[in-house]
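Below is one structure, written out as structure tokens; comments come after it.
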Amino acid sequence: MAVMDGNQDTAGAVASWAVDERPFADDVLEWYGLVARDLPWRRPEAGPWGVLVSEVMLQQTPVNRVLPVWEAWLARWPGPAALAAEPAGEAVRMWGRLGYPRRALRLHQAAAAIVERHGGAIPDRLDDLLALPGIGTYTARAVAAFAFRQRHAVVDVNVRRLVARAVEGAAEGPAAVSRRDLATVENLLPADPETAARASAAFMELGALVCVARAPRCAGCPVRERCAWLLAGSPPSDGPARRPQGYAGTDRQVRGRLLAVLRDADGPVDAALLDAVWDEPVQRDRALRGLLDDGLAVAVGPGRYALPGDVTASLSV
DNA sequence: AACCCGTGGTA
DNA sequence: TTACCAAGGGT
């Protein structure tokens with residue numbers, strides 16, 4: 001069975017199979033060189049800010065939907081200082097329909113923290129990145145690797161699935177990324193930091209384009225000859241089925257509709273406008289209260305609501 | 001640990 | 001059409 005031994009060369013050992021002589025990452029890197037998408041945040045001119053913004057936007061959100069928003073965002077706010085200088089509501093408005101708008105709020109907060117703590121420069125240490133609002137394990141490592149070309153295991157859902165299949169021989173891994181996953185992936189990374197950073201992007205690309213969740217395109221996979229899952233006959237998942245996500249009729253849908261009204265308005269809106277988007281008053285009020293609690297909306301007067309920090313809003317109380 | 005948080009494309 | 005899924009984070 002193929003062993004994923006990264007760059008380790010066992011002195012004196014004679015490999016039994018040719019495939020074992022080549023590091024896993026080399027096969028993926030070669031493939032990546034041929035098919036990698038030309039995404040704007042992968043270009044050097046994107047800079048750390050461009051990378052950070054892309055990573056936050058890409059959380060649970062497909063690349064194609066992120067592209068136009070990222071372009072507009074970077075054009076308007078070329079750095080964290082420019083974003084921090086504007087009201088949070090502007091970030092929420094620019095976020096558009098990307099979903100999970102709390103990310104916009106946290107990105108605005110992160111920009112402010114970067115200005116305050118780091119003089120406006122994106123920090124390059126994992127600790128400092130992790131301390132920023134909305135930046136978790138994945139995003140901190142992604143920024144350190146892709147923006148600063150450091151050697152860190154970067155494990156998202158794509159890499160998690162790739163490892164589950166290619167290394168562990170399972171159809172899918174646990175929902176959460178574990179410390180063990182990070183160690184496994186780090187063992188696959190080349191020693192040279194720049195090459196490791198490129199390999200991290202390559203792993204994610206492989207998971208996103210070939211080793212996809214539903215119908216993996218194994219015929220075009222650069223590691224098919226040593227994929228443990230494929231060699232085991234592509235066994236189906238044995239874990240418990242995931243709970244259905246559901247959306248219609250949930251508070252999330254109501255929040256989405258309420259926020260869409262605020263986002264599309266120039267300034268404060270009357271409560272009647274919000275009432276019109278959902279019939280059931282108890283759920284509607286709960287959703288609005290949730291938006292207020294989260295700081296995604298503010299009350300600016302009797303029966304008037306707006307996005308946070310809106311200049312018009314503060315004048316109209 | 002389990003649950004909450006949006007939105008739209010695809011089969 | 002329903003169901004699945006998408007570069008997670010916070011609590």
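To find a chain, count down the sequence lines: A is the first, B the second, and so on, and within it residues start at 1.
The A:Asp251 side chain lies nearest to B:dC5 when the options are B:dC5, B:dT7, C:dG9. Relative to the side chain of A:Ala213, the nucleotides C:dC5, B:dG8, C:dA7 differ in distance, and C:dC5 lies closest. Relative to the side chain of A:Arg252, the nucleotides B:dC5, C:dC4, C:dA7 differ in distance, and B:dC5 lies closest. For A:Arg161, the listed nucleotide lying nearest its side chain is C:dA7; candidates were C:dA7, C:dG8, B:dA11. Among the nucleotides C:dG8, B:dT7, C:dC4, the one closest to the side chain of A:Thr139 is C:dG8.
Shown here is A:Arg180, whose CZ atom has no more than 12 heavy atoms of other residues, nucleotides or ligands within 6.0 Å. Residue A:Glu116 qualifies as open at atom CD: its count of foreign heavy atoms under 6.0 Å is 12 or below.
With DNA chain C read from its 5' end, the first of the two nearest nucleotides for A:Pro133 and A:Glu205 is the one closest to A:Glu205. For A:Leu130 and A:Ser54, each mapped to the nucleotide of DNA chain C holding its nearest heavy atom, the one lying further toward the 5' end belongs to A:Ser54.
The OH-P distance, from A:Tyr247 to C:dA6, rounds to 19 Å in whole Å. When rounded to the nearest whole Å, the span between CG of A:Asp294 and C1' of B:dG6 equals 13 Å. To the nearest angstrom, P of C:dA6 lies 16 Å from CD of A:Glu55. We find that CG of A:Leu259 is positioned 13 Å from P of B:dC5, with the value rounded to whole Å. Going from atom CZ of A:Arg160 over to atom C1' of C:dA7 covers 16 Å, rounded to whole Å. The distance from atom CZ of A:Arg65 to atom P of C:dC5 is 16 Å, rounded to the nearest whole Å. Computed from coordinates, the A:Leu182 CG to C:dA7 P distance equals 18 Å when rounded to whole Å. If you take CZ of A:Arg257 and P of B:dG6, they are 14 Å apart, rounded to a whole angstrom.
Regarding contacts with the backbone of C:dA7, every side-chain N or O of A:Gln59 stays at 4.0 angstrom or more from both OP1 and OP2.
Annotation: C:dA7 and B:dA11 have their P atoms spaced 15 Å apart (nearest Å). Here, B:dT7 and C:dT11 have their C1' atoms 23 Å apart, quoted to the whole Å. If you take atom C1' in B:dG6 and the same atom in C:dA6, they sit 12 Å apart, rounded to whole Å.
Side-chain contact, A:Tyr138 with A:Arg160: no donor N or O sits under 3.5 Å from an acceptor N or O. Side-chain atoms of A:Glu55 and A:Thr139 form no donor-acceptor pair, as typed in the model, at a separation below 3.5 Å. Side-chain polar atoms of A:Ser178 and A:Asp181 form a donor-acceptor pair below 3.5 angstrom. Side chains of A:Arg151 and A:Thr195: a donor-acceptor N/O pair is absent below 3.5 angstrom, by distance only.
At a threshold of 4.0 angstrom between heavy atoms, the contacts of A:Ala208 are confined to the sugar-phosphate backbone, with no base atom among them. Within 4.0 Å (heavy atoms only), A:Arg141 reaches no atom of the nucleic acid at all. Residue A:Arg255 is classed as a sugar-phosphate contact, given heavy-atom separations below 4.0 Å to backbone atoms only. Using a 4.0 Å heavy-atom cutoff across all strands shown, A:Arg37 reaches at least one base atom of the nucleic acid. Nucleic acid contact class of A:Trp95 (heavy atoms, under 4.0 Å, all strands): none. Here A:Thr250 lies out of heavy-atom contact (under 4.0 Å) with every strand.
Interface residues of residues 96-115 of chain A facing DNA chain C, ordered by number: A:Arg102, A:Arg106; criterion, heavy-atom separation under 4.0 Å.
Side-chain atoms of A:Thr137 stay outside donor-acceptor range of the base of C:dG8, with no qualifying N/O pair under 3.5 Å. Under 3.5 Å, the side chain of A:Arg214 and the base of C:dC5 form no donor-acceptor pair of N or O atoms.
Annotation: side-chain hydrogen bond (donor to acceptor under 3.5 Å, both in side chains) contacts involving residues 200-218 of chain A, sequence neighbours excluded, comprise A:Arg37-A:Glu205, A:Arg42-A:Glu205.
Between A:Trp49 and A:Trp77, the distance from one ring center to the other does not fall under 6.0 angstrom.
Of the possible polar contacts, one joining the A:Gln283 side chain to the A:Gly249 backbone as a donor-acceptor pair under 3.5 Å is found.
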